Amino acid sequence: MCRIRILRFQGFVLEILKVEGVQKNFRMEGQEVHALTDVNFSLDAGDMTVILGPSGSGKSTLLTLLGGLSSPSAGRVLYKGLSLYGMRT
């Protein structure tokens, strides 16, 4: 099983982004693909963060979720305490 590693270099203490129990599943060629499983982390203002992992580990999938381009199959992504997927423009 591939794993994504998130390295944090501590900055301020204001939580900007929180990811709780995020999962992302796709259907590909009739098979269920579990791209992300139970991802949990938070980012504080001023943090410098690196997302590392081998090809196919879910780095790009995670970034599309964090950017609001895709929604998770399960779990929550919070931006400044508000659900990223509950926001309206």
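This one's a predicted model, so the numbers in the text were calculated from it and none came from an experiment. The basis for the numbers below is simple: all heavy atoms, side chains too, and nothing from hydrogens, waters or symmetry mates.
Side-chain contact between Ser42 and Leu17 is absent, with no heavy-atom pair separated by less than 4.5 Å. By the 4.5 Å heavy-atom criterion applied to side chains, Phe41 and Leu62 are counted as neighbours. At least one side-chain heavy atom of Ile16 sits under 4.5 Å from a side-chain heavy atom of Lys80.
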Side-chain atoms of residues 64-71: list all donor-acceptor pairs with protein atoms under 3.5 Å, sequence neighbours left out, distances to 0.1 Å.
from  : atom 1 : to    : atom 2 : distance (Å)
Thr64 : OG1    : Thr61 : O      : 2.7
Ser70 : OG     : Lys24 : NZ     : 3.0

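Applying the 4.5 Å side-chain rule to ILVMFWY residues, one finds Phe26, Met28 in the same cluster as Val33.
Across Ser73 and Asn25, no two heavy atoms sit closer than the pair OG-N, 2.9 Å.
For the atom pair CD of Gln23 and CG of Asp38, the computed distance is 6.5 Å after rounding to the nearest 0.5 Å. The distance from atom NZ of Lys18 to atom CG of Leu82, rounded to the nearest 0.5 Å, is 13.5 Å.
No donor-acceptor pair closer than 3.5 Å links the side chain of Lys59 to the backbone N or O of Ile51.
Leu78 and Tyr85 fall into different hydrophobic clusters, defined by Ile, Leu, Val, Met, Phe, Trp and Tyr side-chain heavy atoms under 4.5 Å apart, directly or through other members.
For Glu32, the salt bridge (charged side-chain N to carboxylate O under 4.0 Å, His left out) test picks out Arg27, with sequence neighbours left out.
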